[in-house]
Amino acid sequence: MGHTPLPGIGVRYDLVTRERRRLSVIAHLDGSRTLNVYRRDDPDDTAVCLKLNAEEAAAVVDALLPSHHSPNLLATAELGLVAERIELPATSYWNGRVLGDTRMRTETGVSVVAVLRRAEAIPSPGPDFRLAGGDTLIVIGTREGVGVAADILGRE
């Protein structure tokens, strides 16, 4: 998903779906959103334009996220696992180094399932993935393992 700053307005996020449909979301400075779906025959002409206030946008996000709504989701708490976000500080020793060098999975049993960097999500980063300060790592493991992983990533 690409993004374009719109000075004085907000940020526009652009996406082309697997079905080759083009959409954009404008995140306005006031928290509202404009969702545009473009026509198939003219990708510069909008077929649908929805203007959502902040509450409506949050409700749509909640409906789109695979939270408690899906019976197929892993109930991690029942298995003794937790899913957490760990932010990599800019001062971290690991800033600029590759994920595999942290030995996080070996040392803690914790798996990094995705990295959020700016407006981008990188799923299943491999051991050669280069970490950067400000990255948010989405991890799954035991509560204790996740705590140790956060300590490792916070090391200066």
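Only a predicted model underlies this, so the values are computations on that prediction, with no experimental measurement involved.
Asp44 is linked by a salt bridge (Lys or Arg N to Asp or Glu O under 4.0 Å) to Arg22, counting only residues two or more places apart in sequence or in another chain. By the side-chain hydrogen bond (donor to acceptor under 3.5 Å, both in side chains) test, Asp42 is found to be paired with no residue, residues two or more places apart in sequence or in another chain being considered. Shown here are the side-chain contact (heavy atoms from CB on, under 4.5 Å) partners of Ile86, two or more places apart in sequence or in another chain: Val139, Val146, Ala149, Ala150, Leu153. For Glu144, the salt bridge (Lys or Arg N to Asp or Glu O under 4.0 Å) test picks out no residue, with sequence neighbours left out. Partners of Asn36 according to the side-chain hydrogen bond (donor to acceptor under 3.5 Å, both in side chains) rule, which considers only residues two or more places apart in sequence or in another chain, are Ser24. In this structure, Arg130 has no salt bridge (Lys or Arg N to Asp or Glu O under 4.0 Å) partners at least two apart in sequence or on a different chain. In this structure Asp30 satisfies the salt bridge (Lys or Arg N to Asp or Glu O under 4.0 Å) test with no other residue, sequence neighbours excluded.
The list of side chain to side chain donor-acceptor pair (under 3.5 Å) pairs with a residue in residues 112-126, not counting sequence neighbours, reads Arg117-Asp135. For residues 104-115, the pairs satisfying side chain to side chain donor-acceptor pair (under 3.5 Å) are Arg103-Glu107, Arg105-Ser111, with sequence neighbours left out. Counting only residues at least two apart or in different chains, salt bridge (Lys or Arg N to Asp or Glu O under 4.0 Å) contacts with residues 80-102 comprise Glu84-Arg143. Listed by first and then second residue, the salt bridge (Lys or Arg N to Asp or Glu O under 4.0 Å) pairs involving residues 5-17 are Arg12-Asp14 (not counting sequence neighbours).
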Table please: side-chain donor-acceptor pairs of residues 50-57 below 3.5 Å, with sequence neighbours left out.
residue: Asn53; atom: OD1; partner: Glu55; partner atom: N; Å: 3.0
residue: Asn53; atom: OD1; partner: Glu56; partner atom: N; Å: 2.7
residue: Glu56; atom: OE1; partner: Asn53; partner atom: N; Å: 2.8

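Taking every heavy atom of both residues into account, Thr102 and Ile152 meet most closely at O-CG2, 4.2 Å. The shortest heavy-atom contact between Arg40 and Glu19 is NH1-O, 3.4 Å. Taking every heavy atom of both residues into account, Ala121 and Leu116 meet most closely at CB-CD2, 3.8 Å. Closest heavy-atom contact between Trp94 and Arg155: CZ2-NH1, 3.6 Å.
A distance-only check finds no donor-acceptor pair linking the side chain of Thr46 to the backbone of Cys49 [under 3.5 Å].
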